[in-house]
> 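Input: one structure, supplied below.
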Amino acid sequence: MKHVISSYDFSREEFLKVFQLADEISEGKLKPDVQGKVVSLAFFEPSTRTATSFATAAWKIGAKVIGFTSPEGTSVEKGENFADTIRMLENYSDCIVVRHKFDGAAKFASEISEKPIINAGDGKHEHPTQSLIDLYTVYKVFGHVDGLNFALFGDLKYARTVNSLLRALTRFKPRKVFLISPPQLRARREITQELNYEVVEKESPYDVISEVDVLYVTRIQKERFPDEMEYEKIKESYIVDAKLVNHMKRDSIILHPLPRVNEIDRRVDKSPQAKYFYQASLGVPVRMALLYEVLGGG
Ligand code: NCD
């Protein structure tokens with residue numbers, strides 16, 4: 001595997017291979033060892049889970065980690081451009097994990113760098129390694145990804161995890177995919193038009209919630225709103241609370257890429273459907289498996 005820029009970079013077989021490697025790593029059957037390899041983190045945008053789980057994953061497979069999780073303190077502050085920063089990290093490491101506020105930044109880096117680039121989120125565009133974690137969680141809970149009803153809920157316009165998940169699902173056979181959002185935050189046409197399955201758009205979760213197997217909740221992406229007033233109008237309109245969860249199937253699950261702001265009531269955390277912290281915990285085995293593949297070990 002070379003660069004990981006989009007969920008489209010994975011075939012169904014490649015998704016399943018990462019899941020299988022993550023299983024083997026978690027069960028102790030596979031002990032990846034890529035000693036001597038160096039992984040660069042190049043995070044130009046804030047991150048908690050993605051940066052720390054990539055670093056943990058790298059260390060656990062024997063690689064060393066260099067780079068930065070904030071451009072503060074780097075030569076970016078002196079005016080060094082993105083391309084030159086990537087060129088330096090390409091010299092020092094075996095793969096570069098990039099997060100940036102601009103759509104297309106990871107793709108641009110992959111055109112400069114001979115070393116593999118992993119997109120850890122580019123603007124409102126994609127976040128493919130989050131989709132690996134999302135679908136691995138589904139696979140762990142249900143034993144498969146095919147044949148389930150998904151509902152993506154919240155900010156479907158600016159959340160890059162939504163784009164990557166919708167694209168990742170083209171590699172599987174979802175039964176139904178509902179897109180639930182306020183009208184202003186509907187999923188992007190350029191993404192939904194190209195999918196190989198039907199999506200059904202709704203404004204109220206109550207119309208479909210009793211059919212849903214996987215409820216995927218996203219934060220309103222405040223930082224990507226062109227207009228603060230628009231954000232203020234919408235910010236608390238979409239909430240997963242105990243009342244909504246009461247309408248869900250007992251064996252359904254709630255996922256969220258996190259960070260959660262107010263869109264899931266904290267009281268929901270105790271419900272059996274709440275799987276978002278478990279999902280976050282799977283970031284380490286999934287990223288171990290992915291780095292192992294990218295660094296040539298798998
Ligand atoms: C997501 C992101 O950065 O896109 N976070 C993450 O990586 N788990 C989701 C978000 O910020 O809302």
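Note that ligands are numbered from 1 as they come in the structure, with each ligand's atoms numbered from 1 the same way. Below, all heavy atoms of this structure are taken into account, side chains as well, without hydrogens, waters or symmetry copies. For this chain, numbers begin at 1 and follow the sequence in order.
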> Is it the case that the side chains of Glu194 and Tyr8 hold a donor-acceptor pair, with the cut-off being a distance below 3.5 Å and no angle test?
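Yes - a donor-acceptor pair under 3.5 Å links their side chains.
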> Fit a plane to each ring of Tyr206 and His247, take the angle between them on a 0 to 90° scale, and name the class: parallel (under 30°), tilted (30 to 60°) or perpendicular (over 60°).
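Tyr206 and His247: perpendicular rings.
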> Verify whether the ring centers belonging to Phe178 and Phe153 lie closer than 6.0 Å.
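No, ring centres 6.0 Å or more apart.
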> For Glu198, is the CD atom crowded, meaning more than 12 foreign heavy atoms sit under 6.0 Å from it?
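No, CD of Glu198 has 12 or fewer neighbouring heavy atoms, counting only those of other groups under 6.0 Å.
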> When you look for protein heavy atoms under 4.0 Å from ligand 1, which residues do they belong to?
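Only Thr50, Arg99, His127, Gln130, Arg160, Thr161, Arg219, Gln221, Pro257, Leu258, Pro259 have heavy atoms that fall under 4.0 Å of ligand 1, ordered by chain and number.
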> Suppose the criterion is salt bridge (charged side-chain N to carboxylate O under 4.0 Å, His left out): which pairs have a residue in residues 208-217, not counting sequence neighbours?
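Applying salt bridge (charged side-chain N to carboxylate O under 4.0 Å, His left out) to every pair that reaches into residues 208-217, excluding sequence neighbours, yields Lys176-Glu211, Asp213-Lys249.
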> Would you please classify the geometry between the Phe172 ring and the Phe19 ring as parallel, tilted or perpendicular, with 30° and 60° separating the classes?
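Phe19 vs Phe172 ring planes: parallel.
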